[in-house]
Amino acid sequence: MTEEPSVLDYLKAKLTPWRGPAPQIPPLPEPDQRSPDIELDQAVEPIATPDVGTAISPDLELAAQDEPATRKVVWPWRAMAALGVALIAQWTLEPGLARHWAPGLALYLLAFILIIWATQRSELVIAQLPKDCDRQDDLPASGNVRKIALLILALVLALFAFRAFTGNRFTTFNVWLWILSIIAIVIAFWQPNPKTLNWKKWAKGHLNPRQWQVERLGWGLLLLAVTTFVLFFRLYRTDSVPLEMVSDHAEKLLDVWDVLQGKTSIFFPRNTGREGLQMYMTAGIIQLLGTGYSYLSLKIGTVIAGIVTLPFVYLLGKEVGNRRVGLLALLFAGIAYWPNVISRVGLRFPLYPLFVAPTLYFLLRGLHTSNRNYFILSGIFLGIGLHGYTPIRILPIVILVVVGLYLMHPQSKGKRRQAIWGLVLLVLISLIIFLPLLRFALEEPYLFSLRSFSRLGSVERPLPGPAWQIFLSNLWNAMTMFAWDNGDIWLHSVAQRPALDTVSAALFYMGGIMLLVRYLEQRNWFFLFLLLSVPLLMLPSILSLAFPEENPALNRMSGAMIPVFLIVAIALDAILTGIESRLGNSAGKKVVWGLALLLVAWSSFQNFDLVFNQYQDVHKTRSWNTSEMGEIIREFTLSKGSTESAYVVPFPHWVDTRLVGMNAGFPRKDFAIWPDALADTTSKPGAKLFLVKPDDQESLISLRNLYPQGNLATYNSEIDAHDFVMFFIPADE
């Protein structure tokens with residue numbers, strides 16, 4: 001009987017090939033040939049490994065072989081080193097006397113090398129994308145349209161509404177036609193879900209304390225704590241940060257005044273033209289809350305817009321990863337200085353991300369689930385968003401890129417037809433909602449496009465250089481602004497500092513490298529889209545070719561904050577998951593909580609200082625104190641004089657006199673009186689008050705000559721170089 005070769009014989013043969021071929025290793029027996037001593041329920045199950053897109057490192061394999069009681073702790077030192085180096089790199093790029101880009105760039109390159117190494121060793125574990133649903137939607141088959149008659153009715157109503165939207169006016173008639181057409185098209189295509197949520201059953205399962213699970217309750221409390229923390233950042237000192245309005249606010253409040261006086265415009269032509277969503281929103285706030293034509297009324301609407309964006313950021317995080325990604329995205333976006341400032345300034349800026357977030361969320365849900373209802377919802381939010389803030393006009397292009405990338409990658413196999421028809425449905429619904437502006441754009445194409453083309457082309461001034469060179473320079477400045485310089489527009493930023501705090505900036509660039517590596521490994525369309533969506537949504541700022549000094553502009557690229565904070569959250573979640581997988585449940589959770597709390601605390605303190613100290617100081621210094629002037633005039637009109645005997649003498653680069661009236665409580669009163677008209681006031685009886693800039697010595701001399709009995713006093717403002725002169729003339733006895 002021939003003896004079966006041993007492993008030693010096999011190794012010897014391999015090491016001495018000249019002695020002949022190596023013995024053959026017999027194959028493993030089939031399941032029915034295995035020893036009957038091994039029972040089925042005693043068989044060892046294979047160890048499930050995480051789907052991280054890379055091979056498990058030898059260190060991790062060694063750790064996995066150990067028993068839990070004697071498990072070897074294998075620190076993810078490469079990932080931790082990458083995070084530490086990236087944080088140091090970003091710290092060196094913070095504004096300071098010795099600030100230079102070279103050390104930060106060198107450290108970031110080192111961090112990127114460590115990230116790639118850590119990714120290959122499975123120390124960075126990016127959350128898995130949700131699996132696409134196998135559902136088939138047979139759009140555009142007629143059987144899927146609930147009521148063909150409704151579809152025809154919707155198109156007819158839309159046509160009549162389009163014809164009725166003439167003269168740049170909303171009327172009761174054209175608005176009803178418009179709304180009914182939207183309702184009809186949505187009902188025509190909406191697909192009822194046979195598994196519609198039973199709210200009574202949901203409430204019984206979720207609100208009954210007996211049904212609460214410890215894990216579910218703990219997550220709910222954590223989500224509540226994070227939400228409360230974020231709301232503090234977004235609502236704290238809303239009335240005073242920032243303190244003063246600028247000329248843009250005057251234009252907005254005058255438009256709101258027109259709305260409440262019955263002038264219901266589709267497009268508001270003041271100051272190169274604006275879409276009307278904020279005007280109608282502010283008008284509703286004034287009527288509902290009674291806050292008047294004030295800065296607070298504008299702020300309430302924009303702050304609410306910023307807050308409403310955050311739930312969709314959370315949902316997007318869950319959609320592209322897991323609930324921890326969603327929570328981290330919500331947290332970092334909620335406390336960040338960039339979205340907080342553009343929400344507080346009281347202009348239309350937060351309307352861009354407000355509609356980018358739900359539009360992308362429902363679009364991604366539609367692609368993942370092949371459910372037409374999500375495409376419908378995406379189209380609704382896109383259509384409404386186009387009435388908000390001009391930069392959102394780039395979003396339709398972003399949507400085409402999303403669907404295009406999806407169709408070009410293998411993940412869309414078998415579902416390309418559904419995606420195309422979903423896109424058609426999205427475009428159709430958004431187009432119907434856009435109809436009023438479409439009619440205005442056809443009637444007044446120059447005014448409708450002026451705000452965009454004044455920056456893109458040579459409408460206001462010739463391009464300062466070759467267009468392609470300016471574009472590439474703008475693109476570079478935009479993509480580096482997260483770590484270096486977010487521009488010099490003091491109205492909505494702290495000039496010449498990074499757009500993100502130290503922690504968020506480091507995580508953003510780390511996340512970008514992680515996603516790039518993951519895309520090269522898996523060729524999943526979503527990773528490429530998330531990377532491309534950032535520059536695409538910043539194009540309204542990047543395309544400022546005529547005024548490259550206005551790029552980067554945090555307001556015009558605010559839609560990009562949605563993918564930016566998703567990338568931040570994905571990066572941190574990958575680090576935390578890598579730690580958990582290496583250190584195990586007990587030790588891993590402690591390290592994860594400690595690291596997360598440390599990074600959140602660091603980010604929170606820095607963002608608080610940026611918004612409530614640095615930004616506030618810059619804004620008070622650069623804006624004029626029209627609120628103080630308004631208060632002086634209000635007191636004067638209530639005591640000794642009237643609105644007809646109070647004046648502000650204009651001076652170059654000084655206050656907008658309309659804002660003085662608005663702060664005084666007289667939104668339509670402009671208190672300006674030009675120096676050459678000062679003599680005309682002598683014929684008016686009663687007490688008079690003139691507010692004059694101290695530098696305007698010519699006007700002060702004229703007033704002295706006209707009113708020798710006048711009393712001159714200086715109002716000492718709390719802000720340096722913001723004093724003004726009060727020249728008071730008492731009433732004749």
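Here, residue 1 is the first one in the sequence, and each next residue gets the next number.
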Next item on the list: Please answer whether the main-chain N or O of D656 pairs with a side-chain N or O of W624 as donor and acceptor at a distance below 3.5 Å.
Entry: no

Next item on the list: Please tell me if the side chains of F608 and F232 come closer than 4.5 Å, counting only heavy atoms from C-beta onward.
Entry: yes

Next item on the list: Spell out, as yes or no, whether a donor-acceptor pair under 3.5 Å connects the side chain of T637 to the backbone of R634.
Entry: yes

Check: Just by distance, do the side chain of S558 and the backbone of N555 share a donor-acceptor pair under 3.5 Å?
Finding: yes

Notebook entry, point to check: Taking the six-membered ring of F448, is the NZ or CZ of R393 close enough (under 6.0 Å from the centre) and on axis enough (within 45°)?
Noted result: yes

Checklist line | Check: S603 main-chain N/O paired with N607 side-chain donor or acceptor under 3.5 Å | finding: yes

Item checked: Heavy-atom donor-acceptor pair, N625 side chain to I719 backbone, under 3.5 Å -> no

Item checked: P242 and Y615, any side-chain heavy atoms less than 4.5 Å apart -> yes

Check: If every non-hydrogen atom of P650 is compared with every non-hydrogen atom of D696, which pair is closest and at what distance?
Finding: O-OD2, 4.2 Å

Checklist line | Nearest-0.5 Å distance, OG1 of residue T480 to CG of residue N486 | finding: 10.5 Å

Note to self: Looking at every non-hydrogen atom in both residues, tell me the closest pair between I729 and G710 and how far apart they are.
What the structure shows: CG1-CA, 4.3 Å

Check: Any luck finding a side-chain donor-acceptor pair between T291 and S294 under 3.5 Å?
Finding: no

Item checked: Reported CD1-to-CZ distance for the pair I392 and R556, which is rounded to 0.5 angstrom -> 16.0 Å

Check: Where is the tightest heavy-atom contact between W654 and V649, given as atom of each residue plus distance?
Finding: CZ3-O, 3.3 Å

Margin query: Assess the residue pair F355 and L277 against the criterion (side-chain contact (heavy atoms from CB on, under 4.5 Å)); give the C-alpha distance rounded to whole Å, side-chain angles, the decisive distance to 0.1 Å, and a yes or no.
Written below: CA-CA 12 Å; F355 291 100; L277 184 58; 3.7 Å; yes

Margin query: Quiz question: by atom type and distance under 3.5 Å, do the side chains of T302 and R344 form a donor-acceptor pair?
Written below: no

Notebook entry, point to check: Given the rule in the side-chain contact (heavy atoms from CB on, under 4.5 Å) test, do L328 and F332 qualify, once you have shown the distances and angles that lead to the verdict?
Noted result: CA-CA 6 Å; L328 292 172; F332 280 93; 4.3 Å; yes

Next item on the list: Could you note down all residue pairs passing ring pair (Phe, Tyr, Trp, His ring centres under 6.0 Å) where residues 627-647 supplies at least one of them, sequence neighbours left out?
Entry: Y647-F690

Margin query: For K263 and V259: C-alpha separation, side-chain torsions, deciding distance, then whether side-chain contact (heavy atoms from CB on, under 4.5 Å) applies.
Written below: CA-CA 5 Å; K263 188 178 179 181; V259 169; over 6 Å; no

Note to self: As an exercise, state the distance from CZ of F727 to CG of L712, rounded to the nearest 0.5 Å.
What the structure shows: 6.0 Å

Note to self: Heavy-atom count check: over 12 atoms from other residues, nucleotides or ligands less than 6.0 Å from Q709 CD?
What the structure shows: yes

Margin query: Pairing donors with acceptors under 3.5 angstrom, does anything connect the side chains of S343 and N340?
Written below: no

Next item on the list: Looking only at non-hydrogen atoms, find the nearest pair between S493 and V341 and report the distance.
Entry: N-CG1, 4.3 Å

Item checked: Main-chain N/O of F605 paired to D609 side chain as donor or acceptor, under 3.5 Å -> no

Margin query: Side chains of T390 and R451: any donor to acceptor distance under 3.5 Å?
Written below: no

Checklist line | Pairing of E275 and R348 as salt bridge, 4.0 angstrom limit | finding: yes

Note to self: In the structure I gave you, are the side-chain heavy atoms of D501 and I335 within less than 4.5 Å of one another anywhere?
What the structure shows: no

Checklist line | Side-chain touch L463/F547, heavy atoms, less than 4.5 angstrom | finding: no

Margin query: Return the CG to CG distance between L507 and L572, rounded to the nearest 0.5 Å.
Written below: 5.5 Å

Next item on the list: Please confirm whether the backbone N or O of D720 pairs with a side-chain atom of H722, one donor and one acceptor, at under 3.5 Å?
Entry: yes

Check: Short question: side chain of H249, backbone of V345 - any donor-acceptor pair under 3.5 Å?
Finding: yes

Check: Do P350 and Y389 come within less than 4.5 Å of each other through their side chains, counting heavy atoms only?
Finding: no

Check: Just by distance, with hydrogens left out, do Q90 and T502 show a side-chain donor and acceptor under 3.5 Å apart?
Finding: no

Checklist line | Student check: side-chain heavy atoms of S604 and F233 closer than 4.5 Å | finding: yes

Checklist line | Verdict with reasoning, T227 to L330, per side-chain contact (heavy atoms from CB on, under 4.5 Å) | finding: CA-CA 8 Å; T227 303; L330 165 67; 4.3 Å; yes

Next item on the list: Identify which one of R274, Q278, R270 satisfies the side chain to side chain donor-acceptor pair (under 3.5 Å) criterion when paired with D255.
Entry: R270

Note to self: Do F671 and M629 have side chains that approach each other closer than 4.5 Å (heavy atoms only, starting at C-beta)?
What the structure shows: no

Check: CD of E635: more than 12 outside heavy atoms within 6.0 angstrom?
Finding: yes

Next item on the list: Determine, for K684 against E644, whether the closest basic-nitrogen to carboxylate-oxygen distance falls under 4.0 angstrom.
Entry: no

Next item on the list: Please determine if R497 and D485 form a salt bridge, counting it only when a charged side-chain N lies under 4.0 Å from a carboxylate O.
Entry: no

Notebook entry, point to check: Between R461 and E549, does at least one N-O distance fall below 4.0 Å, as a salt bridge requires?
Noted result: yes

Note to self: Working to the nearest 0.5 angstrom, can you tell me the gap between S623 OG and L491 CG?
What the structure shows: 9.0 Å

Check: Does L689 reach the side chain of I632, with side-chain heavy atoms less than 4.5 Å apart?
Finding: yes

Next item on the list: Measure the acute angle between the ring planes of Y509 and F482, then classify it against the limits of 30° and 60° as parallel, tilted or perpendicular.
Entry: perpendicular

Next item on the list: Count the heavy atoms of every other residue, nucleotide or ligand shown that sit under 6.0 Å from CH2 of W91, and state whether that count exceeds 12.
Entry: no

Item checked: Closest contact, heavy atoms only, A250 versus L659 -> CB-CD2, 3.6 Å

Margin query: Once side-chain hydrogen bond (donor to acceptor under 3.5 Å, both in side chains) is applied, what residue pairs with a partner in residues 661-671 remain, sequence neighbours excluded?
Written below: T626-N663, T657-D670

Notebook entry, point to check: Do T309 side-chain atoms and A305 backbone N/O form a donor-acceptor pair below 3.5 Å?
Noted result: yes

Margin query: Checking the side chain of R99 only, and the main-chain atoms of L93 only, is there a donor and an acceptor separated by less than 3.5 Å?
Written below: yes

Item checked: Approximate separation, where rounding is to 0.5 Å, of Y337 OH and I342 CD1 -> 10.5 Å

Next item on the list: Measure across S458 and P462 and return the closest heavy-atom pair with its distance rounded to 0.1 Å.
Entry: CB-CA, 3.9 Å

Check: According to the interplanar angle, ranging from 0 to 90°, do the rings of Y293 and W257 count as parallel (below 30°), tilted (30 to 60°) or perpendicular (above 60°)?
Finding: tilted

Margin query: For E460 and R455: C-alpha separation, side-chain torsions, deciding distance, then whether salt bridge (Lys or Arg N to Asp or Glu O under 4.0 Å) applies.
Written below: CA-CA 8 Å; E460 288 192 20; R455 266 54 193 163; 3.3 Å; yes

Notebook entry, point to check: Can T682 and Y707 be counted as having a side-chain donor-acceptor contact under 3.5 angstrom?
Noted result: no

